[in-house]
*Asks:* 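Pasting in a structure now, in structure tokens, and then I'll have a few things to ask.
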Protein chains: 2
Amino acid sequence: MVTLGDVAKQANVSKMTVSRVINHPEQVTDELKQLVFTAMRQLDYRPNVAAKALANNRTQVIKFFILEDIDTVEPYYMNLLFGIASGLDKKQYALQLVTKNNFDLGGSDGYIITGARYEDYEWIDRLEKPVVIFGENRNGYDFVDTDNKQGTTLATEYAIAKNYQSIVFLGIDVKEPFEYSREAGYINTLQKHQKLPQIYRMGNHSHETEQFIRDHWRQFATNTAFIVASDRMALGVIRGLQAQNANIPTDFGIIGFDGVFLDQVTNPKLSTVRQPVQDMGQLAAEMLLRKIDQNGAPQGEKLIPPELMIRGTMRQ
Amino acid sequence: MVTLGDVAKQANVSKMTVSRVINHPEQVTDELKQLVFTAMRQLDYRPNVAAKALANNRTQVIKFFILEDIDTVEPYYMNLLFGIASGLDKKQYALQLVTKNNFDLGGSDGYIITGARYEDYEWIDRLEKPVVIFGENRNGYDFVDTDNKQGTTLATEYAIAKNYQSIVFLGIDVKEPFEYSREAGYINTLQKHQKLPQIYRMGNHSHETEQFIRDHWRQFATNTAFIVASDRMALGVIRGLQAQNANIPTDFGIIGFDGVFLDQVTNPKLSTVRQPVQDMGQLAAEMLLRKIDQNGAPQGEKLIPPELMIRGTMRQ
DNA sequence: TTGTAGGCGTTATCAC
DNA sequence: GTGATAACGCCTACAA
């Protein structure tokens, strides 16, 4: 194993100079820096994470809490996880996955938390290491999320532009900021066009929306577009409409939300508001590492613009 | 921070005794062990992973390689990941996710690799740390997988028992052991019942199987069951059959494979061969940690029996 | 700007 | 069966 010392010898400098080249390069002359760099390359030096962690009183581990029920949102999180992992990798941080089952707060340099609900903030407040929340919140925590409001705004504007007369929103029946924001984008856009909002809320399951369409089929005139708060629910809407032999997209349009996986497996292909989840995960990781670096200084909020993907379930 | 030394002082023993209580308890008298345990509890001692790693020349990190294209199998891996994570957590190992994008071999105590294809074994052979493969292979590597053959055997036997006359297998067009095993379970069972196997292979996508049903609709007499190599493909079969107004499950039956997520979002609910992916992940992690502990000693293969889930797409 | 000494928390080794 | 000592590789604090 090649150590700092080996590199130092090779470059004819002290260990500290090598250490500085890595951590505080501005304190070292360019000349020595070059010497050290070539020595590192020659020896293929890899810093020892454990030693670094020990000396810094760090763990080089970030805990990722998924507080939500995995089943309901599973495909989404895979991308998130990959994003986070690639953000952490760059600085040699490793990941520890935490769910309600293996709950353990200790032994990490910071936390990324997703699926946090109102009641969770009590214990989150007591955490002693830096925290970044994945998902909108209005309690002043640093966070990363899609710009939910913009997402439904884009979707609603599109539906109006394509002349769907009636535009209905199917939301998730939770009292959480992300849902409020999605509804707000829809409501504001309708108001702007002097149309009346029509919102129904239910659980985030395809069978619930399918049943809903079945039950309320009579209410929806031809030429209706459904703006739906998740792809999973949109899936059920498609099935419900197809069961009535409705003509998609000519008479009925559907736009989901997420764009992570389920939009790939419907027929016709689902139009959706695509979140760049992987990028968002990476951003969350970077935000947390920066926060750790800055001794917990606030990082603010980061809203990532989503992308409207128009496919088979909407008029083009 | 509470250290070994603090515990030692509290228990009136040396640091080494405390260390031994943790790592080699058999070398310590019960009397002292009790003293140390209560001291640890009183002080809420948490071992410092970094220090341990440094002293042992370890990293306490396991790398998990996903070589497969994530998009196609996404929901599956989430469970796997959680299983692995919970297996590692117990021994204070952290996880590092590696894909083709952030490929990096260094800095870990071992590897779990999934999605490995024939050509990958060249570099896998050169890895210097213990490896466990997730997924069947016939090159002598230690692995964990579902008992694929048993899975399709169960499915095929069930279809026969329920008197579907014609039983067709839709497989994935890859030359990999897991696929061979799934086909073998089907073929052997048909042979046993003196029926003729009928196998079609295509890409692991719902639209391919949907198109396939459309194109070959005429060939399939009423009273046919489809044994399908993935839930994703089974989804397309359902859609294809529904497009022909086929009667499921009375005239046509479908059994998928995986049981991880997609089986939840179809209508009727998909019958499937359910893999306990999360448990499998945990087993892989445990196998790897044991292997590390035993200096790389071979661990053999572990085939986990799957479970046949009969739901709406098959006669009950 | 660069180098030296000491310590981070743990464990292996070798005495007793 | 138990304890003292010296590592492990790196970084902070201080000295030059």
Side-chain angles (χ1 to χ4, degrees), chain A residues 1-37 39-40 43-61 91-94 106-109 129 292-293 295, chain B residues 1-37 39-40 43-61 91-94 106-109 129 292-293 295:
Chain A
M1 162 175 268
V2 183
T3 71
L4 263 193
D6 299 329
V7 176
K9 236 175 274 171
Q10 175 92 355
N12 266 314
V13 297
S14 76
K15 295 203 287 182
M16 269 322 294
T17 303
V18 180
S19 172
R20 284 200 189 91
V21 168
I22 296 170
N23 301 299
H24 309 284
E26 72 283 0
Q27 301 177 6
V28 183
T29 54
D30 286 352
E31 207 179 0
L32 281 190
K33 247 186 292 196
Q34 286 315 319
L35 277 174
V36 171
F37 278 136
M40 292 201 299
L43 300 175
D44 189 27
Y45 168 67
R46 312 284 197 108
N48 180 312
V49 181
K52 182 182 186 149
L54 180 59
N56 288 327
N57 191 24
R58 290 266 174 80
T59 63
Q60 297 296 120
V61 168
K91 303 219 172 173
Q92 300 191 283
Y93 268 81
S108 78
D109 295 344
K129 297 289 168 65
I292 291 172
D293 224 42
N295 286 305
Chain B
M1 162 175 264
V2 182
T3 72
L4 263 194
D6 300 329
V7 177
K9 234 175 276 172
Q10 175 91 357
N12 267 314
V13 296
S14 75
K15 294 203 288 181
M16 270 322 295
T17 303
V18 180
S19 173
R20 278 198 266 264
V21 168
I22 296 171
N23 300 300
H24 310 285
E26 72 283 0
Q27 301 178 7
V28 184
T29 55
D30 286 352
E31 205 177 1
L32 280 191
K33 248 186 291 198
Q34 286 316 319
L35 276 175
V36 171
F37 277 137
M40 292 202 298
L43 300 175
D44 188 28
Y45 168 69
R46 313 283 197 108
N48 181 312
V49 181
K52 179 181 187 149
L54 180 59
N56 287 327
N57 191 24
R58 291 264 173 83
T59 64
Q60 298 296 122
V61 169
K91 302 220 173 174
Q92 300 190 284
Y93 268 81
S108 78
D109 296 344
K129 298 290 169 63
I292 291 172
D293 222 43
N295 285 307

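Just so you know, these numbers come straight off a predicted model, no measurement behind them.
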*Asks:* Using the C1' atoms of five pairs at each end, what's the angle between the two axes of the helix from C/dT1-D/dA16 to C/dC16-D/dG1, to 10 degrees?
*Replies:* 40°
*Asks:* What residues form a side-chain contact (heavy atoms from CB on, under 4.5 Å) with A/K52, not counting sequence neighbours?
*Replies:* A/N23, A/N56
*Asks:* Quick one: does B/Q92's side chain have a donor or acceptor within less than 3.5 Å of a partner on B/Q60's backbone?
*Replies:* no
*Asks:* Using heavy atoms and a sub-4.0 Å distance, could you list which residues of residues 13-20 of chain B are near DNA chain C? By number, please.
*Replies:* B/K15, B/M16, B/S19
*Asks:* Would you compute the distance between atom CG of B/N12 and atom OG1 of B/T17 and round it to the nearest 0.5 angstrom?
*Replies:*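 Here the rounded value is 11.0 Å.
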*Asks:* If you look at every heavy atom in B/I22 and B/Y45, which pair is closest and at what distance?
*Replies:* CD1-CE2, 3.8 Å
*Asks:* With sequence neighbours excluded, tell me which residues meet side-chain contact (heavy atoms from CB on, under 4.5 Å) with B/K91.
*Replies:* B/Y93, B/L289
*Asks:* What are the bounds, 5' to 3', of the part of DNA chain D that sits under 4.0 Å from heavy atoms of chain B?
*Replies:* D/dG1 to D/dG9
*Asks:* Go through DNA chain C in 5' to 3' direction and return only the first and the last nucleotide with some atom under 4.0 Å of chain A's heavy atoms.
*Replies:* C/dT1 to C/dG9
*Asks:* How many angstroms lie between atom OG1 of A/T59 and atom CZ of B/R46, to the nearest 0.5 angstrom?
*Replies:*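 If I round to the nearest 0.5 Å, the distance is 12.5 Å.
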*Asks:* Answer with base, sugar-phosphate or nothing: what part of the nucleic acid does A/N56 contact at a heavy-atom distance below 4.0 Å?
*Replies:* sugar-phosphate
*Asks:* Can you sort out the partners of B/A39 under side-chain contact (heavy atoms from CB on, under 4.5 Å), two or more places apart, ordered by chain and number?
*Replies:* B/V7, B/Q10, B/A11
*Asks:* Check every strand shown and say whether A/L54 touches a base, only sugar-phosphate, or nothing at a heavy-atom separation below 4.0 Å.
*Replies:*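 Base contact.
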*Asks:* Select base, sugar-phosphate, or nothing to describe what A/N48 touches, counting heavy atoms under 4.0 Å on all strands.
*Replies:* sugar-phosphate
*Asks:* Which pair of heavy atoms, one from A/A50 and one from B/L54, lies closest together, and at what distance?
*Replies:*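 Heavy-atom minimum between the residues: CB-N, 3.8 Å.
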*Asks:* Short of 4.0 Å, heavy atom to strand atom, which residues of residues 22-37 of chain B count as contacting DNA chain C?
*Replies:* B/N23, B/H24
*Asks:* For B/N57, check side-chain contact (heavy atoms from CB on, under 4.5 Å) against everything at least two apart and list the hits.
*Replies:* A/M1
*Asks:* Please tabulate, for side-chain N and O atoms in residues 25-37 of chain A, each donor-acceptor pair with protein atoms closer than 3.5 Å (sequence neighbours left out).
*Replies:*
unit_1: A/D30; atom_1: OD1; unit_2: A/K33; atom_2: NZ; d: 3.4
unit_1: A/K33; atom_1: NZ; unit_2: A/P25; atom_2: O; d: 3.2

*Asks:* If you look only at pairs with a residue in residues 6-15 of chain B, which of them pass as a salt bridge (charged side-chain N to carboxylate O under 4.0 Å, His left out), with sequence neighbours excluded?
*Replies:*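 Qualifying pairs, neighbours excluded: none.
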*Asks:* For B/V21 and B/V13, run side chain to side chain contact (heavy atoms under 4.5 Å, CB included): C-alpha distance rounded to whole Å, both residues' side-chain angles, the deciding distance at 0.1 Å, then the answer.
*Replies:* CA-CA 11 Å; B/V21 168; B/V13 296; over 6 Å; no
*Asks:* Any chance you could lay out the side chain to side chain contact (heavy atoms under 4.5 Å, CB included) test for A/V61 and B/V49, step after step, and finish with the verdict?
*Replies:* CA-CA 10 Å; A/V61 168; B/V49 181; over 6 Å; no
